[in-house]
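Working notes, structure below.
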Number of protein chains: 2
Amino acid sequence: MKTKVIIVDDHALFNDGLTLILKEESDYFEVEKQVFDSRQAAYHCLSINPDLVLVDFNMPHLNGLDVVKQLKTLSDKYKIVVISMYAESREIKQFKEAGVDGYLTKTMPALELTSSLKKIMQGEKIFENEMNKKEVFDKDNFFKKYQLTKREIEILKVLKKGHTTEQVAKTLNLSFYTVETHRKNINQKLQFKTKSEFYEFLNNVDLDD
Amino acid sequence: MKTKVIIVDDHALFNDGLTLILKEESDYFEVEKQVFDSRQAAYHCLSINPDLVLVDFNMPHLNGLDVVKQLKTLSDKYKIVVISMYAESREIKQFKEAGVDGYLTKTMPALELTSSLKKIMQGEKIFENEMNKKEVFDKDNFFKKYQLTKREIEILKVLKKGHTTEQVAKTLNLSFYTVETHRKNINQKLQFKTKSEFYEFLNNVDLDD
DNA sequence: CAAAAAATACCTGTTAGCAGGTATTTTTGA
DNA sequence: TCAAAAATACCTGCTAACAGGTATTTTTTG
């Protein structure tokens with residue numbers, strides 16, 4: 001009996017990545033459905049009746065916490081595990097209260113993830129609370145996946161200081177237009193939907209080598 | 001008995017700013033000396049014998065870590081707190097090993113800084129990183145000082161979800177202009193200089209009751 | 001009750017950001 | 001070496017944000 005899994009993550013790339021990781025252990029996990037719109041999570045859980053639901057923490061429309069609460073009203077049968085970019089105690093507490101079975105971070109290695117999930121399926125509860133703070137975004141994985149170039153990272157570093165596009169251009173001796181182009185490309189790669197999202201990323205990402 | 005403070009920071013503006021911040025709490029802190037050349041830190045500490053030394057992280061000639069090591073060979077009596085541009089785990093570890101009492105970032109609001117320093121003077125050790133940021137934030141103090149109104153906090157809550165002024169207006173059944181006015185007032189009260197600052201605040205502040 | 005504080009709303013002009021292009025040069029790697 | 005990737009630069013048009021006002025109504029509170 002394989003573990004039937006539903007992945008709820010609006011971020012297609014990560015959703016796919018997670019699916020591939022679980023496929024590596026296809027004798028144990030079976031990804032039944034990848035949900036990209038959190039509002040459809042409940043519907044798919046009802047129709048598929050999975051053993052395990054992996055929910056991303058920050059999503060548009062319905063965030064992870066809302067999804068968890070919704071799923072909890074539907075059934076107690078499936079395990080729910082939150083996968084987050086942040087290991088932040090306040091959020092973890094909220095999810096604990098909402099009754100999830102685990103809170104894992106996107107920074108953990110694939111092997112650790114699958115082994116943690118197996119433990120959770122056996123009834124254990126795992127709340128990743130590593131005080132590894134600044135590595136909120138897993139640098140290696142992150143930059144590899146999204147393929148930010150050197151110049152783009154350089155521009156992000158200057159933006160991180162609170163500078164505007166024009167100030168960045170002056171700092172790096174570039175044309176205003178060039179910096180705008182780079183910003184455009186960064187936004188396309190990282191798919192920010194709001195300015196808030198962009199600045200949240202900027203404030204949390206570790207760009208140092 | 002006030003806390004005698006020496007500030008070691010080559011950056012005159014920030015050195016002054018820090019002094020002003022501590023002057024706001026002049027019944028607790030007394031800035032005895034502003035040192036702008038890190039090579040003179042030891043000399044002044046010996047002659048003044050302060051209770052607290054605030055050391056900038058990156059300075060010419062002698063960097064923060066070197067200053068700390070030097071001071072530590074002189075005396076164990078005064079508390080040493082490093083003030084840095086960014087919270088970087090590797091550096092924090094080094095300073096911890098050097099025996100500092102705290103590592104705070106320049107990005108933290110003034111009130112958080114003074115409240116942290118007070119705690120340190122009482123023997124607590126505080127190492128600021130992205131993880132404990134949200135919790136260190138002294139909510140009550142903050143809102144008391146800046147006197148944000150109920151409506152303003154309500155608007156911040158909606159903005160926190162990444163909504164625009166227009167979306168906030170719709171959500172709260174207000175005119176677009178009203179929300180803009182509130183935002184204007186918030187910005188005036190909190191004195192954000194850049195958008196990045198505003199969003200950093202928004203992403204880190206705890207608005208829940 | 002009267003004054004202060006808070007909340008509401010409107011107006012103008014400016015700037016930053018961003019989406020959607022085009023296009024050339026430089027660098028790099030198979 | 002040559003094609004792809006990266007970096008550079010420009011243009012238009014639109015929208016959100018923001019600074020600097022004014023002004024009325026509602027709520028709070030001494």
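All chains are named by letter (A, B, ...) in the order of the sequence lines, taking the proteins before the strands, and each is independently numbered beginning at 1.
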*Indicate yes or no: does E154(B) engage K157(B) in a salt bridge with an N to O separation below 4.0 Å.*
no

*Hey, are D101(A) and K125(A) close enough for a salt bridge, meaning a charged N less than 4.0 Å from a carboxylate O?*
yes

Strictly below 4.0 Å: does [X] bring a side-chain N or O up to OP1 or OP2 of [N]?
X       : N      : answer
T149(A) : dA7(D) : yes
T181(B) : dA9(C) : no
T178(B) : dT8(C) : no

Between [X] ([atom1]) and [N] ([atom2]), how many Å, whole number?
X       : N       : atom1 : atom2 : answer
F176(A) : dC10(D) : CZ    : P     : 11 Å
H182(B) : dC18(D) : NE2   : P     : 15 Å
Q167(B) : dT15(D) : CD    : C1'   : 12 Å
I155(A) : dT8(D)  : CD1   : P     : 7 Å
E152(B) : dA5(C)  : CD    : P     : 14 Å
F198(B) : dG17(C) : CZ    : P     : 15 Å
N185(B) : dA7(C)  : CG    : C1'   : 10 Å
E154(B) : dA7(C)  : CD    : P     : 9 Å

*Compute whether any side-chain donor of one residue and acceptor of the other, for T114(B) and E25(B), lie under 3.5 angstrom apart.*
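There is such a pair (donor and acceptor under 3.5 Å, judged by atom type) between the side chains of T114(B) and E25(B).
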
_Side chain of N187(A) - closest among dA9(D), dT8(C), dC18(C)_ = dC18(C)

*Side chain of T164(B) - closest among dA16(D), dA9(C), dT8(D)*: dA16(D)

*asked:* Could you tell me if K2(B) sits above the aromatic ring of F29(B), with its cationic atom closer than 6.0 Å to the ring centre and no more than 45 degrees from the axis?
replied: no

_Gap separating the CG atom of L202(A) from the NZ atom of K161(A), nearest 0.5 angstrom_ =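 Rounded to the nearest 0.5 Å, the CG-NZ separation comes out at 12.0 Å.
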
With distance as the sole criterion, do the side chain of [X] and the base of [N] form a donor-acceptor contact below 3.5 Å?
X       : N       : result
E180(A) : dC18(C) : yes
K184(A) : dG17(C) : no
K195(A) : dG17(C) : no

*Look at all strands and tell whether S175(A) reaches a base, only sugar-phosphate, or nothing, counting heavy atoms closer than 4.0 Å.*
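Sugar-phosphate, backbone atoms only, no base.
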
*With DNA chain D as reference, determine whether Y177(A) or K150(B) sits nearer its 5' end, using the nearest nucleotide of each.*
Y177(A)

